[in-house]
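Here's the structure we're looking at; comments come further down.
Numbered from 1 within each chain, the chains take letters A, B, ... in sequence-line order. Only this structure's heavy atoms are used, side chains among them; waters, hydrogens and symmetry mates stay out.
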Amino acid sequence: MNVFRLCGDMSHVFSIVVLLLRLRVAKNASGISLRTHELFLLVFLTRYTDLFTTYYSLYNSCMKIAYILSTASIVYMIRLSDPICTTYDKAQDTFRHWAFAVGPCAVLATLTHFISGEGSGYSLFVNIQELLWTFSIYLESIAILPQLILLQRYREVENLTGNYIFFMGSYRALYILNWIYRTYYEPGYRHHYVAYFCGVLQTLLYADFFYYYMQSKRRGGRFSLPT
Amino acid sequence: LKDGGSKDEL
């Protein structure tokens, strides 16, 4: 554990807390994409199957469970919890996440899994677990897209929603620093190039948002995206 | 296979 990874994780947790608070306190889900959070839930469920098979640390296990539970509760609130669910604007949340996110990621994960030859010689169960891990890495990199597209529609971005996306983006940017750090200071550190590639892609998707976020913070004014 | 590298991350 290094300082970049810890800050990255804390940034991730913080973004989730910001969103949970926003939903609970404002009792309002407008401007929030349910599809993004369903994608994140799928990401966590497919990546953390190792909760049952590999123990890394108490920290790791607790965080994994916390991510799954908190994201599940976000999805539950937006979908079912009255009165929040009545404020969810389904008509605006239109990114076709099955066709353009889940499907392509599943295909890509299958291809990389078999082309890389990873998993050959391992049991079917381990192979499926590896495949799901790779799928989750791909899917996480683009899971924010429905949310970013929804924001483009509204343009005027609420403070808390803006902060949520900012911390969510910072999390993966900090992970990149963590990978660089580990490459230098951990002998025998195993590289996962799919994770690196997706981590960079994921961070780049936030770049444009970061730019307008910073500008609005500097002006101290309201945050709106350009047309 | 599962151990090491970015697989001990979140």
Side-chain angles (χ1 to χ4, degrees), chain A residues 1-2 4-6 8-10 12-13 43-44 47-51 53-57 59-68 118-123 125-127 129-130 133-134 136-137 140 171-172 174-176 178-179 182-183 186-196 198-199, chain B:
Chain A
M1 175 69 77
N2 59 67
F4 302 113
R5 154 112 198 257
L6 186 65
D9 287 345
M10 288 308 116
H12 196 176
V13 169
V43 165
F44 295 141
R47 186 173 307 164
Y48 299 152
T49 57
D50 61 1
L51 267 173
T53 54
T54 315
Y55 178 79
Y56 294 104
S57 64
Y59 171 85
N60 257 27
S61 299
C62 290
M63 293 292 263
K64 286 172 180 174
I65 294 167
Y67 285 162
I68 293 171
E118 213 171 325
S120 55
Y122 291 90
S123 68
F125 178 79
V126 172
N127 265 290
Q129 199 175 33
E130 289 289 316
W133 183 85
T134 310
S136 81
I137 294 287
E140 185 188 347
Y171 138 70
R172 220 51 183 174
L174 285 161
Y175 256 69
I176 295 175
N178 151 66
W179 292 326
R182 292 186 74 176
T183 302
E186 279 180 34
Y189 174 64
R190 242 197 102 197
H191 298 288
H192 293 277
Y193 294 103
V194 171
Y196 295 166
C198 291
Chain B
L1 186 71
K2 292 294 301 175
D3 304 300
S6 35
K7 276 194 182 144
D8 59 12
E9 291 164 0
L10 294 164

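Heavy-atom distances place the side chain of A/Y175, and not its backbone, under 4.5 Å from chain B. In this structure, no portion of A/Y193 lies under 4.5 Å from any heavy atom of chain B. The parts of A/N60 that come within reach of chain B are both its backbone and its side chain, each placing non-hydrogen atoms under 4.5 angstrom from that chain.
Although no hydrogens or angles enter the test, the distance criterion places no donor-acceptor pair under 3.5 Å between the side chain of A/N178 and the main chain of A/L174.
The aromatic rings of A/W179 and A/Y196 sit tilted relative to each other, their planes meeting at an angle between 30° and 60°.
Looking at A/F44, A/Y171, A/Y59 one by one, the single match for side-chain contact (heavy atoms from CB on, under 4.5 Å) with B/L10 turns out to be A/Y59.
Between B/D8 and A/R182, at least one side-chain N (NZ, or NE/NH1/NH2) sits under 4.0 Å from a carboxylate O, which counts as a salt bridge.
In terms of non-hydrogen atom pairs under 4.5 Å with chain B, the most contact-rich of A/K64, A/H12, A/R5 is A/R5.
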